[in-house]
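See structure below.
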Amino acid sequence: MSRMRDRGILTEEIKNDAYIKNWLGREITVEELRLFPYLQYLAVNNRKIDREKITPTEKKIIENLEDDGWLKTEPRVKPDRKLWNLMCHVIYMGYVDYE
């Protein structure tokens with residue numbers, strides 16, 4: 001029986017998920033959990049990041065993903081396939097399969 005939880009909450013289940021931990025090399029942060037749906041939306045809709053809509057922490061996450069070669073933000077947001085798969089996994093756990 002699954003337990004109820006809120007959407008977009010960084011649960012122990014998400015923090016301890018082996019796929020996420022193996023991919024990131026650490027636990028995911030709440031900022032990443034909440035940034036991934038925005039990046040996915042931008043990628044699907046052929047958009048650019050609105051710098052006024054992101055926090056300094058989110059900007060740093062994006063810069064790190066770019067530096068590591070997982071994300072392009074110019075001329076539009078385009079994640080690498082592996083990052084895309086991670087984002088889908090995280091979004092499913094945090095926003096779809098939450099009850």
Side-chain angles (χ1 to χ4, degrees):
M1 181 167 137
S2 71
R3 57 186 161 80
M4 295 292 291
R5 66 179 188 213
D6 295 323
R7 294 178 73 227
I9 299 297
L10 184 58
T11 63
E12 289 301 314
E13 180 183 10
I14 295 169
K15 286 197 294 190
N16 295 319
D17 184 81
Y19 178 77
I20 297 168
K21 285 179 108 171
N22 287 335
W23 201 99
L24 293 172
R26 58 175 170 73
E27 289 182 0
I28 190 170
T29 66
V30 70
E31 292 85 6
E32 289 165 324
L33 173 72
R34 294 185 178 157
L35 177 63
F36 286 170
Y38 179 60
L39 293 177
Q40 186 185 56
Y41 169 82
L42 295 174
V44 168
N45 290 288
N46 200 29
R47 303 262 176 116
K48 291 180 147 187
I49 293 170
D50 183 342
R51 301 288 176 184
E52 293 182 15
K53 290 186 177 180
I54 60 172
T55 67
T57 301
E58 291 169 333
K59 182 178 179 193
K60 185 67 178 161
I61 293 166
I62 290 166
E63 289 171 355
N64 289 341
L65 290 170
E66 287 177 305
D67 291 347
D68 292 342
W70 298 111
L71 180 68
K72 293 181 183 177
T73 58
E74 295 296 331
R76 64 180 180 88
V77 170
K78 186 178 180 191
D80 173 273
R81 183 178 293 268
K82 290 180 183 179
L83 176 58
W84 178 261
N85 290 340
L86 173 69
M87 291 191 312
C88 289
H89 182 80
V90 169
I91 291 166
Y92 184 80
M93 289 187 73
Y95 294 89
V96 179
D97 186 28
Y98 63 92
E99 52 186 30

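When reading the values below, keep in mind they use all heavy atoms of this one structure, side chains included, and skip hydrogens, waters and symmetry mates.
Within 6.0 Å of the CZ atom in Arg81, the count of heavy atoms belonging to other residues, nucleotides or ligands does not exceed 12.
At least one donor-acceptor pair under 3.5 Å links the side chain of Asn16 to the backbone N or O of Glu12.
Ring centroid separation for the pair Trp70 and Trp84 does not come in under the 6.0 Å cut-off.
Note on residues 19-36: pairs passing salt bridge (charged side-chain N to carboxylate O under 4.0 Å, His left out), not counting sequence neighbours, are Arg26-Glu32.
No side-chain heavy atom of Leu65 sits under 4.5 Å from any side-chain heavy atom of Thr73. Here the side chains of Met93 and Glu13 are in contact, with some heavy-atom distance below 4.5 Å. By the 4.5 Å heavy-atom criterion applied to side chains, Leu10 and Thr29 are not counted as neighbours. Between Trp23 and Asp17, every side-chain heavy-atom pair lies at or beyond the 4.5 Å cut-off. You'll find the side chain of Val90 stays beyond 4.5 Å of the side chain of Tyr95, heavy atoms only.
In this structure, the separation between CD1 on Ile28 and NE2 on His89 is 9.0 Å, given to the nearest 0.5 Å. In this structure, Leu39 CG and Leu83 CG are separated by 7.5 Å, a value rounded to the nearest 0.5 Å. Note that CG of Leu33 and CD1 of Ile91 are 8.5 Å apart. Values are rounded to the nearest 0.5 Å. For the atom pair Ile54 CD1 and Ile62 CD1, the distance stands at 4.0 Å (nearest 0.5 Å). Here NZ of Lys78 is found 10.5 Å from CG of Asn46. Values are rounded to the nearest 0.5 Å. Atoms CD and CD1, from Glu74 and Ile49 in turn, are 8.0 Å apart once rounded to the nearest 0.5 Å.
Residues forming a salt bridge (Lys or Arg N to Asp or Glu O under 4.0 Å) with Glu52 (at least two apart in sequence, or on another chain): none. For Asn45, the side chain to side chain contact (heavy atoms under 4.5 Å, CB included) partners are Tyr41, Arg47, not counting sequence neighbours.
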>> Please determine whether salt bridge (charged side-chain N to carboxylate O under 4.0 Å, His left out) holds for the pair Lys53 and Glu58, giving the CA-CA distance in whole Å, both sets of side-chain angles, and the decisive distance to 0.1 Å.
In response: CA-CA 10 Å; Lys53 290 186 177 180; Glu58 291 169 333; over 6 Å; no
>> Go through it in stages, so that I can follow the logic: the residues are Tyr38 and Asp50, the test is side chain to side chain contact (heavy atoms under 4.5 Å, CB included), and I'd like the CA-CA distance, side-chain angles, deciding distance and then a yes or no.
In response: CA-CA 10 Å; Tyr38 179 60; Asp50 183 342; 3.6 Å; yes
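Across all non-hydrogen atoms, the minimal contact from Ala43 to Arg76 is O-NH1, 3.9 Å. Taking each heavy atom of Lys48 and Pro75 in turn, the nearest pair found is CE-O, 3.0 Å.
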